Amino acid sequence: MQKILEFPEVLRLIEDRSAAFRAAIASAPDLDVQVPTCPDWTLRELVQHLGDGRRRQAAIVAAGPGAEPPARTDPKGAPTAPRDREALDAWLAESTELMLAAMREAGPDRGCWTWWGRSQAPETSGAVARHQIQEIAVHTYDAQLTQGTAQPLPTDVAVEGVDEFLTTVSATTVPWPFKPATIDLHTTEGRSWRLTLNADGVHCDDLAADAEPGDMAMRGAASELILYCYERLPLDSLETTGDTEPMEQLAVWDPNA
C-alpha cells in the first residue's frame, strides 16, 4: 500500500494550490462572470466561498475534538471579501495562512469535527488537511476553466486526490443498497484502487497488480479521475470496461439520505 503523504508535504501542497488559485484570480479580467462548473456562482462568489471556507476550517481545527462546526457562509450573502483586487489577494492569502497555522498548531493526529464519521478517513486535523488539498485544487481548476485556461491537476496532487476521495468521500459503512459489485480505478501514472460495494458498505483498498478484474474498470490520468470524482468531467471521458451501472449508482447515491 502506498504511504499517505507526510503532514509537512500535505501543508506544502495546500500552499501550492492556494497560490495557483490566487494566480488564476489575479489574472481574471472579470470576477463577475459565471463559473461553468459551479453555475450558481460567479468567479467572485467562488473566491468568497474559498476564502470563507478556509477560515471556517481554521476554526474547526482549532476547536479540537467533538466541537460543533461554525455555520457555513453563503457566497451570495453579505460579502466579507474586499472588492479591491490587491486587498482581495491579501485576504485570500490570509485565509489560507489562518488555516495552515491552525493545522500546524494542532499537528496531524489531533481530533476535530469532520463530516465523514462513517468513512475510512480518521477524524483528525491531518485528514482535514488532506481533504483541503482537493478542495482548493478543484476550485483552482474551476477558476482556470472560467478563463479558458484550465490545466490538469499536478500529478502528485491528483494521485493523492483520488486516494483521498475514495477513502473519505466514497467509502462508508452504510450498507450498499444495490447489487454487490467491485470497481477498479487505474491511473496511467501506475496507481490502482478497488472499491468493494456490498452489505458492509463501500470499502477502498489498493489493488494488487495480479488481482482478478472487477465488475467494472475505469482508467485515465489521475487528474482526469479526480475531476470525474468531483463531477468536473463525464464518465465517458475515461476509458471504461465492464458494467458501468455500479459507478453511475455510486455517483448519485447518498448514504446519509
Side-chain angles (χ1 to χ4, degrees), residues 10 12-58 72-100 128-162 164-165 168-169 187-188 218 220-238 251-252:
V10 170
R12 184 193 71 78
L13 290 177
I14 290 174
E15 289 183 302
D16 176 81
R17 288 299 85 199
S18 296
F21 181 82
R22 289 169 54 204
I25 297 304
S27 65
D30 183 2
L31 296 184
D32 294 315
V33 296
Q34 297 300 125
V35 180
T37 40
C38 303
D40 291 337
W41 293 347
T42 64
L43 202 52
R44 188 179 300 279
E45 288 163 347
L46 179 64
V47 172
Q48 179 80 44
H49 164 73
L50 201 76
D52 280 346
R54 290 344 91 200
R55 290 163 186 262
R56 180 174 184 267
Q57 292 301 324
R72 291 182 180 274
T73 56
D74 181 358
K76 293 182 176 293
T80 57
R83 294 191 66 85
D84 175 77
R85 287 296 190 101
E86 186 174 340
L88 181 63
D89 182 71
W91 180 81
L92 274 172
E94 182 185 56
S95 299
T96 300
E97 185 50 42
L98 286 169
M99 183 179 72
L100 289 170
V128 169
R130 284 189 81 202
H131 191 67
Q132 286 304 300
I133 300 173
Q134 314 319 319
E135 176 91 5
I136 300 167
V138 172
H139 283 322
T140 298
Y141 174 85
D142 294 332
Q144 294 170 344
L145 182 69
T146 303
Q147 301 179 66
T149 59
Q151 303 172 20
L153 274 61
T155 297
D156 52 355
V157 170
V159 173
E160 164 73 2
V162 178
E164 196 277 334
F165 186 95
T168 302
V169 181
T187 65
T188 55
M218 49 198 303
S223 178
E224 295 171 327
L225 285 169
I226 192 61
L227 289 173
Y228 163 76
C229 289
Y230 278 99
E231 301 180 340
R232 267 54 178 185
L233 292 177
L235 183 58
D236 61 13
S237 66
L238 300 166
V252 299

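Treat the numbers as computed from the prediction; the structure is a model and nothing was measured.
- A salt bridge (Lys or Arg N to Asp or Glu O under 4.0 Å) with Arg130 holds for exactly one of Glu160, Glu135, Glu164; it is Glu160.
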- Pair Arg232-Asp142, salt bridge (Lys or Arg N to Asp or Glu O under 4.0 Å): steps then yes or no: CA-CA 9 Å; Arg232 267 54 178 185; Asp142 294 332; 2.7 Å; yes

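- Each of Arg56, Arg54, Gln57, Arg55 was compared with Ser95 under the side-chain hydrogen bond (donor to acceptor under 3.5 Å, both in side chains) criterion, and only Arg55 meets it.
- Residue Leu225 holds its CG atom at 7.0 Å from OG1 of Thr187, rounded to the nearest 0.5 Å.
- Within the model, atoms CG of Asp16 and CG of Asp156 stand 7.5 Å from one another, a figure rounded to the nearest 0.5 Å.
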- Task: Could you walk me through whether Asp30 and Leu43 pass side-chain contact (heavy atoms from CB on, under 4.5 Å), step by step?
- Result: CA-CA 8 Å; Asp30 183 2; Leu43 202 52; over 6 Å; no

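- Shortest non-hydrogen contact noted between Ala24 and Gln147 is O-NE2, 2.6 Å.
- Here the closest heavy-atom approach between residue Pro75 and residue Thr73 is recorded as CD-O, 3.6 Å.
- Contacts classified as side chain to side chain donor-acceptor pair (under 3.5 Å) and involving residues 82-92 (residues at least two apart or in different chains) are given here: Arg22-Asp89.
- One distance of note links CG of Leu46 with CH2 of Trp41; it measures 6.5 Å at 0.5 Å rounding.
- Taking every heavy atom of both residues into account, Pro36 and Leu145 meet most closely at CB-CD2, 4.4 Å.
- The minimum heavy-atom distance between Pro82 and Leu88, with the atom names listed, is O-CD1, 3.4 Å.
- With sequence neighbours excluded, no residue forms a ring pair (Phe, Tyr, Trp, His ring centres under 6.0 Å) with Tyr141.
- Rounded to the nearest 0.5 Å, atoms CD1 (Ile25) and NE2 (His139) are 11.0 Å apart.
- Within the model, atoms CG of Leu50 and CD of Glu45 stand 14.0 Å from one another, a figure rounded to the nearest 0.5 Å.
- Looking only at side-chain heavy atoms (C-beta outward), Ser223 and Thr155 stay at 4.5 Å or farther from each other.
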- CA sep, side-chain torsions, deciding dist, call: Leu238, Glu224, side-chain contact (heavy atoms from CB on, under 4.5 Å): CA-CA 7 Å; Leu238 300 166; Glu224 295 171 327; 3.7 Å; yes

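- Looking at heavy atoms from C-beta onward, Val35 lies out of side-chain contact with His49 at the 4.5 angstrom threshold.
- Contact record, Ala222 with Val162: O-CG2, 3.8 Å, taken as the closest heavy-atom pair.
- For Glu15, the side chain to side chain contact (heavy atoms under 4.5 Å, CB included) partners are Leu100, Arg104, not counting sequence neighbours.
- Here the CD-CZ distance, from Gln134 to Phe165, works out to 10.0 Å after rounding to the nearest 0.5 Å.
- Between Ala137 and Val157, the shortest heavy-atom contact is CB-CG1, 3.7 Å.
- Judged by distance alone, with hydrogens and angles left aside, the side-chain atoms of Thr42 form no donor-acceptor pair with the main-chain N or O of Asp32 at under 3.5 Å.
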